[in-house]
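I have placed the structure first, in the form of structure tokens, so that the comments after it can refer back to it.
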Amino acid sequence: MASESSPLLAYRLLGEEGTALPLNGAGAPGGASARKLSTFLGVVVPTVLSMFSIVVFLRIGFVVGHAGLLQALAMLLVAYFILALTVLSVCAIATNGAVQGGGAYFMISRTLGPEVGGSIGLMFYLANVCGCAVSLLGLVESVLDVFGADATGPSGLRVLPQGYGWNLLYGSLLLGLVGGVCTLGAGLYARASFLTFLLVSGSLASVLISFVAVGPRDIPLTPRPGPNGSSLPPRFGHFTGFNSSTLKDNLAAGYAEDYTTGAMMNFASVFAVLFNGCTGIMAGANMSGELKDPSRAIPLGTIVAVAYTFFVYVLLFFLSSFTCDRTLLQEDYGFFRAISLWPPLVLIGIYATALSASMSSLIGASRILHALARDDLFGVILAPAKVVSRGGNPWAAVLYSWGLVQLVLLAGKLNTLAAVVTVFYLVAYAAVDLSCLSLEWASAPNFRPTFSLFSWHTCLLGVASCLLMMFLISPGAAGGSLLLMGLLAALLTARGGPSSWGYVSQALLFHQVRKYLLRLDVRKDHVKFWRPQLLLLVGNPRGALPLLRLANQLKKGGLYVLGHVTLGDLDSLPSDPVQPQYGAWLSLVDRAQVKAFVDLTLSPSVRQGAQHLLRISGLESGTLLPWGFRSSAWLIRVSGLHN
């Protein structure tokens, strides 16, 4: 039995020698010691922090101010509806069997095969790498907005020098901190994430309290240059407290120019920003190799995290619409700090969410890379990422990913890359939905997930929703990502991958062929639709290639069976000599490039064996004729008609 593992298999497998193989997360010595994270620390905390990211502090006003409360809630419902469909598929696959390290990549590759799984896994890895860089650059920009020498805000401290080189230095220092935490292992990462979770929760609590405790006030806005470079008079946004008139004014949409980019906003652009902040549902699944019980932790933790973040987003949308006028929402995206009882706590929350998002992306990327390297899909290019510590921590994959993030930081500004990152995430989500859909459609008897709140309808709707969202956010990035996936899949197909993982496509073909064979009725056969049925018996396949191709031309769309009779008596033999020969005969069919089935049998004589092959092939009675002058081949001509 192959030693490869699959989410469709049991929790322990048998190796080539019959020994049990432990399914540890790193795929290296360490065993169960590598799996030490609980559901809360390993799934809930990183998923919540990834889904909040920096959007929860800096883009609530942007969404509500431009889209209005009603459209903002509609956007949130659509976004979480798409995410919920993918979560259902993740839960189904995760509760069906063993889940090793690699999270989404492991689920996809063991279902759709190494070609599709490897290509999407590499794209998901690049999305995490770029996502880490985007979070770090967002953190640098947030710090410089307050402490930068060129800060334009009314409360800027202006103590840090700015410029491309300085920004790169700040990003590299923060990346060193993030990389150090991830290199030391998942345990330290979980503790750091928990501390970050406490800081973010405290900051959000202070914001929620401030909405109630703070009285009405005027908030100065960032000065905007006039038409000829002259300064405009000071402008103010208004925090009105709970006011029904404010809510009424904020119900409808009021799309305007984004003061940070100068671009005119619309439904698609605002929705893209909101959805970009909610694409962290795989953060817990990426830690599957370090979880104590991934089949239980991934579905439970992901559902809890999604429900919690949805509730917080809805609450912030309502509170912002009740208390802040449209000018404040559209002209100051960081107004939480202006209305907070203690503004530094909001800053701490902003910095903590950005830092945690970068840590989650980096450690998730390293686990995906280590899984890709362990499966040896890309050869020596990823070979260094196989190295792990004594405790099973893939520190080499972390360093590998750290270097790539450092290269991405050289770009300096990654606003345009944010859409590409989101599209790559959506490709992975669509692939997870497609994997679950394929398993459900194939009716595989070993696909029996304990999580039953899904169906092929939810999977199909999830695939369609992800694809639609990709092209809505960025048509160019969506088309480019699908093209890249196709090129990577072609490369892996040409290189060849592990065949022992199994291909769900074969199960789907069997299911469909069986269904249509049952619909065939021999009683409805008619001479008008007659097709030839040929059974070619070959004794010596070494010189039979021309004969195979000639018979293939004679079949003319009919049934063509290649048969071989091995002389002998099974009662006098220690084992069946026919079964080991099937692989060689199938290779012969591939080499001859003919469309034929292969049937082999064991019989005391050729004539009796030919009769066996007629019956086991499902062919009707025919005439046995010698082909040519040598007795190495016989052709059974079958009429296929009823007299």
Side-chain angles (χ1 to χ4, degrees), residues 25-27 42 46-47 49-50 53 100-109 117-139 171 174-186 188-190 192-193 279-290 354-375 377-378 381-382 384-388 393-409 411 414 417-418 420-429 431-432 481 484 488:
T47 304
L49 293 177
S50 296
S53 65
Q100 292 191 31
Y105 158 71
F106 180 84
M107 299 177 186
I108 297 169
S109 61
S119 59
I120 295 178
L122 186 60
M123 293 174 62
F124 196 35
Y125 167 73
L126 295 176
N128 277 273
V129 167
C130 295
C132 178
V134 168
S135 299
L136 289 173
L137 288 175
L139 177 57
L174 292 171
L175 176 59
L177 173 63
V178 171
V181 172
C182 296
T183 303
L184 294 177
L188 181 60
Y189 162 75
S193 295
T279 54
I281 59 173
M282 290 294 185
N286 290 340
M287 299 299 297
S288 58
E290 281 79 17
L355 202 61
S356 67
S358 61
M359 283 195 300
S360 176
S361 297
L362 183 60
I363 200 168
S366 66
R367 270 50 184 179
I368 297 171
L369 180 66
H370 177 67
L372 285 166
R374 192 179 65 235
D375 291 336
L377 295 181
F378 293 92
I381 299 177
L382 301 183
K386 296 180 182 180
V387 181
V388 297
N393 178 41
W395 60 269
V398 176
L399 294 180
Y400 207 112
S401 304
W402 174 87
L404 287 180
V405 174
Q406 185 64 61
L407 290 176
V408 178
L409 285 176
L414 291 177
L417 194 59
V420 178
V421 173
T422 303
V423 167
F424 278 10
Y425 279 125
L426 285 172
V427 170
Y429 297 165
V432 172
S481 64
L484 176 60
L488 290 173

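Just so you know, residue 1 is the first one in the sequence shown, and it goes up from there. A quick note: this is a predicted structure, and the numbers were derived from the prediction, not measured.
Side-chain contact between L369 and S366: absent, with no pair of heavy atoms (C-beta onward) separated by less than 4.5 Å. Inter-residue side-chain proximity for L488 and L484 is flagged as met; some heavy-atom pair is nearer than 4.5 Å.
The shortest heavy-atom contact between Y429 and G280 is OH-N, 3.9 Å. Across every non-hydrogen atom of A354 and L139, the tightest pair is CB-CB, 3.7 Å. The nearest pair of heavy atoms linking S50 to S360 is OG-OG, 3.0 Å. Heavy-atom minimum distance, C182 versus L362: SG-CD2, 4.1 Å. When all heavy atoms are compared, the tightest approach of R374 to K386 is N-CG, 4.2 Å.
Judged purely by atom type and a 3.5 angstrom limit, S193 has no side-chain atom pairing as donor or acceptor with the backbone of P46. For the pair S358 (side chain) and L355 (backbone), a donor-acceptor distance under 3.5 Å is present.
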Review point. So V432 and I108, side-chain contact (heavy atoms from CB on, under 4.5 Å) or not? Walk me through it.
Key: CA-CA 6 Å; V432 172; I108 297 169; 3.9 Å; yes
**Study point:** side-chain contact (heavy atoms from CB on, under 4.5 Å) between R367 and Y105, worked out
**Key:** CA-CA 10 Å; R367 270 50 184 179; Y105 158 71; over 6 Å; no
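Shown here are the side-chain hydrogen bond (donor to acceptor under 3.5 Å, both in side chains) partners of S109, two or more places apart in sequence or in another chain: there are none. Not counting sequence neighbours, S356 has no partner by the side-chain hydrogen bond (donor to acceptor under 3.5 Å, both in side chains) test. Residues satisfying the side chain to side chain contact (heavy atoms under 4.5 Å, CB included) criterion with W395, sequence neighbours excluded, are T183, V387, S389, N393, L399. The side chain to side chain contact (heavy atoms under 4.5 Å, CB included) test applied to A192 returns V181, M359, not counting sequence neighbours. Contacts of L184 classified as side chain to side chain contact (heavy atoms under 4.5 Å, CB included), with partners at least two apart in sequence or in another chain: L188. Applying the side chain to side chain contact (heavy atoms under 4.5 Å, CB included) test to L407 and every residue at least two apart in sequence or in another chain returns L404, L410.
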Report all side-chain donor-acceptor pairs from residues 118-138 shorter than 3.5 Å, counting only partners two or more places apart or in another chain.
residue	atom	partner	partner atom	Å
S119	OG	E115	O	3.1
S119	OG	V116	O	2.8
Y125	OH	S401	OG	3.2
N128	ND2	F124	O	2.8
S135	OG	G131	O	3.0

